[in-house]
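Atoms within a ligand are numbered from 1 in the order they appear, just like the ligands themselves. For the numbers below, each heavy atom of this structure counts, side chains included, while hydrogens, waters and symmetry mates do not.
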Amino acid sequence: MTENNAFIFPQGMLICPVCASDIEGMHCPKCHSEFFALGNIPCVFTAGIQQKKLWQHQMAMMEAQGGEALANLEYALQGYDLSDLTRARLEQAFESMEQSLDVILAQFSGAGLVAQLDPMYDQTTVDNPTEYYHHILRDWAWDNEPSKYFETHANDANLKRVMNVWADPAPGKMLVLGAGAGRLSWDLHEKLEPEFTIASDINPFLLTCAQDLIKERKAITLPELYTYPQIGYPFSKSWTMQPPEDAGNLRERWFALGSDVWNMPLRENSVDTIVTSWLLDVTGGDVKDLIGVITYLLKPGGRWINTGPLLYSRNMSFDKKYSAEEIFDFAQMAGFDLERQEVDEVEHMVSPLNARYHYEQILSFCAQKSLTPKPLPKPGSTSDWLTPPWLVMHHLPVPNIDFQCERGHEFIAKVLELVDGEKSIYLMAQLLQPDMPEGVSAKDAVTALFGQILEQMARAASN
Ligand SMILES: C[S@@+](CC[C@H](N)C(=O)[O-])C[C@H]1O[C@@H](n2cnc3c(N)ncnc32)[C@H](O)[C@@H]1O
């Protein structure tokens with residue numbers, strides 16, 4: 001394990017997400033990117049220290065918005081026409097909101113962040129880090145009360161779903177992408193005892209809560225508050241979440257990592273298992289590209305275990321709201337063999353304080369990355385070439401074949417010069433993007449160019 005002033009992490013795993021060089025401490029000696037620690041959690045983003053400034057800006061926004069909400073409640077409490085019951089409800093809400101704001105800000109400041117607005121984000125809408133607040137309670141609090149929906153409890157059901165599709169688990173070095181508040185990563189870690197588990201996420205609040213509970217063994221108290229009345233349910237409750245049992249000190253091999261799935265600071269072919277739980281549909285990116293990331297990080301023969309719904313966000317364009325069959329097809333093109341799959345329909349986010357809950361369909365599967373890369377299709381019948389895997393899956397290498405077309409246009413010449421049988425559309429696009437006009441995606445342009453060339457070649461062959 002690498003021991004730094006700030007954090008301990010499995011040796012040799014972290015690389016610079018900008019230039020892929022080894023990093024030294026929190027610094028890249030090659031491209032001079034600077035990273036930082038959130039408490040004891042390494043945070044390795046392409047934005048470097050700017051990511052910390054963004055989180056500090058978000059913290060300042062939360063502080064201001066929370067303060068405003070509390071001031072509004074305080075004002076309402078000054079009303080002369082409040083009944084005793086109304087006053088009691090408002091007082092309870094005030095106490096709960098105040099405690100919640102205090103805990104959130106304490107989590108941030110305990111990890112070394114300082115609320116500070118950054119003019120860089122003045123004109124932008126920044127995410128609220130408490131978006132997944134209830135996930136922390138689902139992971140670590142609600143199981144303390146019996147549930148009428150689960151045989152034991154919700155987290156146990158999640159774990160069982162994963163184990164049902166993962167025959168003969170040999171987790172080795174395990175990476176959980178978008179691990180959230182960390183419960184599934186911990187349950188798998190405790191059950192399977194991998195060499196190590198890395199629980200990565202982009203959300204500072206979830207990261208610090210997971211770290212405090214699992215690694216630092218600190219209890220966290222978080223209130224839960226509903227602003228709509230429900231008959232027979234209290235408005236609010238304060239939950240004290242205890243660290244999980246860990247008689248065997250397994251937490252020493254569990255590590256939180258602040259990172260972005262789209263620019264992971266980990267080596268190619270470096271992990272044996274990747275778990276994605278309730279992630280595919282929420283990253284805002286293209287699932288095909290996420291499969292590219294997973295393929296890159298997994299060792300040959302490694303396993304990808306997924307569980308979660310396909311409830312893509314409203315903002316995701318319809319062409320990217322892929323079905324389960326499309327996802328399996330992409331995985332197969334990327335060199336995965338689907339081993340097991342299961343579809344369940346389950347109650348989701350069932351709080352003991354809430355009469356309402358979600359009911360969701362969940363797709364779970366386990367797929368193995370091939371031991372050897374699949375051979376590239378040979379140019380034969382040109383009709384096969386209209387949508388070859390490398391045109392659909394942008395991380396696959398573009399084959400070194402004779403692409404027949406006029407090379408008059410500078411962009412066409414530049415793209416075709418890059419064809420070497422190794423570079424993918426994704427990589428070519430990264431190299432070309434700096435020279436593209438503003439607002440034009442190099443990836444879209446390169447994909448369209450190859451598509452047109454193949455179409456022309458197919459047409460010429462059929463004449
Ligand atoms: C729906 S939650 C699921 C959390 C957890 N895996 C679970 O099963 O409860 C999605 C998680 O993905 C994380 N996430 C979303 N986009 C991400 C990104 N680009 N990089 C890293 N994590 C991301 C969020 O912060 C959040 O914790």
Side-chain angles (χ1 to χ4, degrees), residues 17 38 41-47 51 54-55 58 107 126-143 153-163 165 174-189 197-211 213-214 241 254-266 273-287 289-294 296-297 304-313 315-316 344 346-351 357-358 360-364:
L38 177 72
I41 308 169
C43 292
V44 189
F45 292 91
T46 45
Q51 186 72 29
L54 170 64
W55 288 348
Q58 290 173 330
Q107 281 300 120
V126 293
D127 291 339
N128 184 337
T130 58
E131 182 187 355
Y132 291 112
Y133 190 93
H134 287 89
H135 282 66
I136 306 171
L137 301 172
R138 189 275 318 269
D139 276 15
W140 302 104
W142 296 340
D143 283 353
H153 51 69
N155 290 299
D156 210 24
N158 281 347
L159 180 64
K160 278 196 184 128
R161 248 193 317 277
V162 167
M163 299 316 300
V165 291
M174 183 162 77
L175 168 66
V176 183
L177 291 172
R183 178 64 186 260
L184 181 65
S185 76
W186 173 256
D187 285 349
L188 287 170
H189 183 77
T197 296
I198 297 175
S200 70
D201 206 278
I202 201 168
N203 181 309
F205 185 49
L206 299 177
L207 280 166
T208 59
C209 286
Q211 174 83 357
L213 284 160
I214 298 171
M241 297 171 282
W254 179 96
F255 303 91
L257 170 66
S259 59
D260 182 347
V261 290
W262 301 116
N263 292 289
M264 285 301 287
L266 298 174
T273 305
I274 293 186
V275 178
T276 50
S277 162
W278 299 74
L279 181 75
L280 290 193
D281 53 343
V282 301
T283 61
D286 190 328
V287 173
D289 294 337
L290 192 60
I291 294 176
V293 171
I294 293 166
Y296 180 84
L297 296 171
W304 169 28
I305 292 102
N306 176 71
T307 185
L310 298 176
L311 291 170
Y312 303 95
S313 80
N315 306 329
M316 177 67 92
D344 297 279
V346 298
E347 295 81 1
H348 176 55
M349 301 304 284
V350 191
S351 163
Y357 55 83
H358 302 257
E360 287 178 3
Q361 192 185 48
I362 299 176
L363 171 69
S364 308

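Residues meeting the side chain to side chain donor-acceptor pair (under 3.5 Å) test with T307, sequence neighbours left out: S364.
Note: H348 and H135 have perpendicular aromatic rings, judged against thresholds of 30 and 60 degrees for the angle between ring planes.
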Which N or O atoms of ligand 1 sit under 3.5 Å from a protein N or O, and how far apart is each pair?
| unit_1 | atom_1 | unit_2 | atom_2 | d |
| --- | --- | --- | --- | --- |
| ligand 1 | 6 (N) | G178 | O | 2.7 |
| ligand 1 | 6 (N) | S277 | O | 2.8 |
| ligand 1 | 8 (O) | S277 | O | 3.3 |
| ligand 1 | 8 (O) | S277 | OG | 2.6 |
| ligand 1 | 9 (O) | R138 | NH2 | 2.6 |
| ligand 1 | 19 (N) | D260 | OD1 | 2.9 |
| ligand 1 | 20 (N) | V261 | N | 3.0 |
| ligand 1 | 22 (N) | I202 | N | 3.4 |
| ligand 1 | 25 (O) | D201 | OD1 | 2.6 |
| ligand 1 | 27 (O) | D201 | OD1 | 3.3 |
| ligand 1 | 27 (O) | D201 | OD2 | 2.7 |

Taking it one step at a time, do R183 and D143 satisfy salt bridge (charged side-chain N to carboxylate O under 4.0 Å, His left out)? CA-CA 11 Å; R183 178 64 186 260; D143 283 353; 3.8 Å; yes

Side chains of residues 274-283: which donor-acceptor pairs under 3.5 Å do they make with residues two or more places apart or in other chains?
| unit_1 | atom_1 | unit_2 | atom_2 | d |
| --- | --- | --- | --- | --- |
| T276 | OG1 | W304 | NE1 | 2.9 |
| T276 | OG1 | N306 | OD1 | 2.8 |
| D281 | OD2 | L311 | N | 2.8 |
| T283 | OG1 | G285 | N | 3.1 |

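Residues in residues 197-206 take part in these side chain to side chain donor-acceptor pair (under 3.5 Å) pairs, two or more places apart or across chains: H189-T197.
Residues N315 and S313 bring no donor and acceptor atom of their side chains to less than 3.5 Å of each other.
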